[in-house]
Novice: 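Below: one structure in structure tokens.
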Amino acid sequence: MTARLDFGGVELTRIVEAEGPLLRPAEIFPDSTPEAIQANLDWLAPRFYDPVSDRLVISIQSFLLKSHGRLILVDTCVGDCKARVRADFDQQHWGWLDRLEATGVRPEDIDVVVSTHLHVDHVGWHTRRVDGAWVPTFPNARYLFTHEEWAYWKEHEGHPGLVRTGDYVGDSVLPVFEAGLADLVDMDHRIDEAIRLVPAPGHTPGHVAVEIQGERQRVLLTGDAFHHPLQCCYPQWSTRFCADPDHARRTRQSLLEACANDGTLVLPAHFPAPTAGHIRRAAPEDEHEFRFEFQELL
Ligand SMILES: [Zn+2]
């Protein structure tokens with residue numbers, strides 16, 4: 001049974017597609033060093049890093065929000081049955097949709113789909129295959145995309161990100177536009193009285209976080225501003241997949257400054273269970289300025 005967090009007026013459920021050792025540190029963080037991994041091994045292994053395969057433990061997941069009677073889905077993972085260049089993502093059958101339905105939610109119940117950005121592991125279940133065609137999985141939803149993000153991806157043929165991955169925009173995003181279910185919104189768009197988008201550019205130009213102002217708790221879903229808790233210790237580590245690594249770095253640093261010790265519960269898209277935690281400013285004698293303190297909530 002998936003745990004449900006209640007922030008006061010807004011509930012959150014993690015819907016996990018896959019979680020496990022996925023990427024070698026050097027494969028995702030060009031600035032990482034084996035020495036840095038070794039220096040943090042006491043808290044990294046085995047939960048957040050698998051020393052045997054030298055891979056970071058990554059979760060691919062969605063956040064299902066119930067807010068003021070509406071269902072909002074933030075990001076939709078890699079998806080099933082999709083042709084992808086990366087073998088880990090190619091023609092998979094993870095059963096994410098079954099796990100969503102096991103929470104009592106049918107695809108037609110979803111009201112809003114938010115994409116923090118348009119990378120392959122965030123839009124997969126935007127569509128599913130029916131009678132040989134890719135159709136929107138959530139037929140009654142409005143799918144929100146930021147103007148800046150869509151401007152970056154819409155000329156998708158030949159886009160370097162798609163050459164690397166396979167044309168997921170063609171099978172997972174375009175059908176949503178063709179079905180008339182897409183809304184282009186500003187990067188600070190308000191979804192309802194409790195939930196709004198927050199600009200967090202750099203990883204991609206239109207990348208956004210999602211802020212939840214619950215009656216009891218402020219929450220920030222930070223998307224891919226962080227991929228791994230190591231980036232709280234090493235904020236300068238941007239990923240090989242960042243469109244603008246310097247901008248991503250500045251965004252990450254300002255999120256760390258803003259959330260440190262202010263009580264905000266932070267849920268980065270790819271942190272493994274329990275995913276949620278607080279950013280803490282470390283003690284002066286600590287080598288790092290910030291660290292991520294997981295909350296065993298989910
Ligand atoms: Zn991602």
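Order of listing sets the numbers, starting from 1, for every ligand and every atom in it.
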Novice: Are D171 and R84 close enough for a salt bridge, meaning some N to O gap below 4.0 Å?
Specialist: yes
Novice: If the condition is side-chain hydrogen bond (donor to acceptor under 3.5 Å, both in side chains), which residues does D246 pass it with, not counting sequence neighbours?
Specialist: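 D246 satisfies side-chain hydrogen bond (donor to acceptor under 3.5 Å, both in side chains) with R249 once adjacent residues are dropped.
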Novice: Heavy-atom distance under 4.5 Å between the side chains of H278 and Q295, does that happen here?
Specialist: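 Of all side-chain heavy-atom pairs linking Q295 with H278, at least one is under 4.5 Å.
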Novice: For the Zn ion (ligand 1), which protein N/O/S atoms fall under 2.8 Å? Skip waters.
Specialist: D121 OD2, H122 NE2, D224 OD2, H270 NE2
Novice: Would you call L44 and I37 a side-chain contact if the rule is heavy atoms closer than 4.5 Å?
Specialist: yes
Novice: Looking at side-chain heavy atoms only, is the closest gap between H122 and T116 below 4.5 Å?
Specialist: yes
Novice: Is the positively charged end of K82 above the ring of W125, judged by distance under 6.0 angstrom from the centroid and angle within 45° of the axis?
Specialist: no
